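As structure tokens, the structure follows; a few thoughts come after it.
Atoms within a ligand are numbered from 1 in the order they appear, just like the ligands themselves. The structure displayed is predicted, hence computed values, not measured ones.
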Amino acid sequence: MSSTSILHSQTRKMVSQTQEPNRRKEEEQSSRKWSLQDFDIGKPLGKGKFGRVYLAREKKSKYMVALKVIFKEQIEKYGLHNQLRREMEIQSSLSHPNVLRLFGWFHDGQRIFLILEYAHRGELYRELRKSGHLSEEQAATYFASLTRALAYCHNQYVIHRDIKPENLLLDFEGRLKIADFGWSVQSRSKRHTMCGTLDYLAPEMVENRAHDYAVDNWTLGVLCYEFLLGVPPFEAESQTDTFKRIMKVDLSFPPTSHVSAEAKNLINLLLVKDSTKRLSLQKIMKHPWIIKNANPTGTCMD
Ligand code: N15
């Protein structure tokens with residue numbers, strides 16, 4: 001396959017589409033496509049196997065974005081052409097305040113550029129490491145945002161977003177954004193070495209059984225625990241031990257931790273082995289812990 005066939009650049013989203021019939025349609029359209037000339041490039045935000053992410057500013061609007069650069073050679077080497085295309089189509093069709101936007105894309109001879117939403121406050125993971133754990137208000141606010149984002153995704157038939165703390169970003173108001181780094185980019189503060197971690201995976205996933213949207217509900221339980229205690233619930237020395245702990249649902253709250261009874265209750269309703277018995281996203285939003293603690297604006301400051 002040729003590298004130029006990988007994809008056609010998407011036409012600009014921020015410019016209004018003119019309806020007027022145009023004789024020079026071809027030229028008109030090509031003049032609306034994004035190119036590297038449209039951006040000032042700033043500091044690197046992260047790097048991974050297939051490329052890097054840079055802070056960038058669209059020259060005309062001065063709008064800040066995260067520009068992700070992917071090398072076509074790498075995509076072709078690993079046969080990821082179709083997967084990338086699919087993921088780009090999915091991601092650009094999603095529009096929710098808690099899902100990081102993919103505004104558009106373009107390419108040149110060697111590279112594909114993804115124009116992504118810039119999250120000013122960076123990774124939630126960093127905030128979590130900095131303070132050890134989050135307050136019940138912060139945790140409930142992020143958790144409610146995450147639940148709403150997942151409900152939206154499930155409604156669009158998108159399941160299994162790779163939700164881990166390092167895939168969660170914060171905008172300037174502390175609003176949570178799910179950013180699916182997927183297979184292509186690792187964030188800066190890497191959590192575990194390569195291969196990925198089992199920590200966030202539901203029993204049916206680690207066992208390689210059929211799974212559906214309920215895997216995300218399990219992951220919500222894992223994240224809720226980690227937000228409040230600073231470590232994921234099934235953490236262990238080895239992958240094998242984590243695997244065993246997940247399969248047994250070996251869940252405990254250290255006596256030294258100060259977690260409210262309501263939070264524990266919610267976690268217990270999500271970390272359920274039988275995927276059909278996990279609390280639904282709709283019921284999560286009505287849980288007393290959320291009602292009492294989550295900030296309805298979805299923003300977090302401190
Ligand atoms: C396969 C493809 C179509 C999926 C498209 N989605 C992604 O590529 C997901 N992705 C998002 N990959 C990288 C990013 C990404 C977006 C990484 C970092 C940031 C980002 N937006 N904002 C940041 C960001 N802001 C920061 C602030 C301080 C420190 C680091 C920061 N990184």
query = Can you tell me how far the CG atom of Leu271 sits from the CG atom of Leu220, to the nearest 0.5 Å?
reply = 10.0 Å
ask   = Do any pairs count as a ring-ring contact (aromatic ring centres under 6.0 Å, His included) and have a residue in residues 227-252, sequence neighbours left out, and if so which ones?
value = Trp218-Phe234
query = Quick one: side chain to side chain contact (heavy atoms under 4.5 Å, CB included) partners of Pro254, sequence neighbours excluded?
reply = Tyr225, Leu229, Thr256, Ser257
ask   = Looking only at N/O atoms, are Leu116 and ligand 1 under 3.5 Å apart anywhere?
value = no
message = Heavy-atom distances under 4.0 Å decide this one: backbone, side chain, both or neither, for Leu100 against ligand 1?
response = side chain
query = Does Gln83 come within less than 4.0 Å of ligand 1, judged by its heavy atoms?
reply = no
ask   = Which is it for Glu123 and ligand 1 at heavy atoms under 4.0 Å: side chain, backbone, both or neither?
value = neither
ask   = If you round to the nearest 0.5 Å, how far is CG of Asp199 from NZ of Lys164?
value = 10.0 Å
query = Could you give the distance from NE2 (His120) to CG (Leu55), rounded to the nearest 0.5 Å?
reply = 8.5 Å
ask   = Numbering the atoms of ligand 1 from 1, which are under 4.0 Å from a heavy atom of Leu84?
value = 1 (C)
query = Side chain, backbone, both or neither: which part of Gln91 has a heavy atom under 4.0 Å from ligand 1?
reply = side chain
message = Rounded to the nearest 0.5 Å, what separates atom CG in Leu270 from atom CZ in Arg278?
response = 9.0 Å
message = Closer than 4.0 Å to some heavy atom of Leu169 - which atoms of ligand 1 meet that?
response = 16 (C), 19 (C), 20 (C), 21 (N), 22 (N), 23 (C)
query = What's the spacing between Leu150 CG and Leu281 CG if we round to 0.5 Å?
reply = 6.0 Å
request  = Give the atoms of ligand 1, by number and element, whose distance to some non-hydrogen atom of Lys68 is under 4.0 Å.
outcome  = 7 (C), 8 (O), 9 (C), 10 (N), 12 (N), 13 (C)
remark   = Looking at Arg126, Glu89, His120, Met88, the heavy atom closest to atom 29 (C) of ligand 1 belongs to Arg126
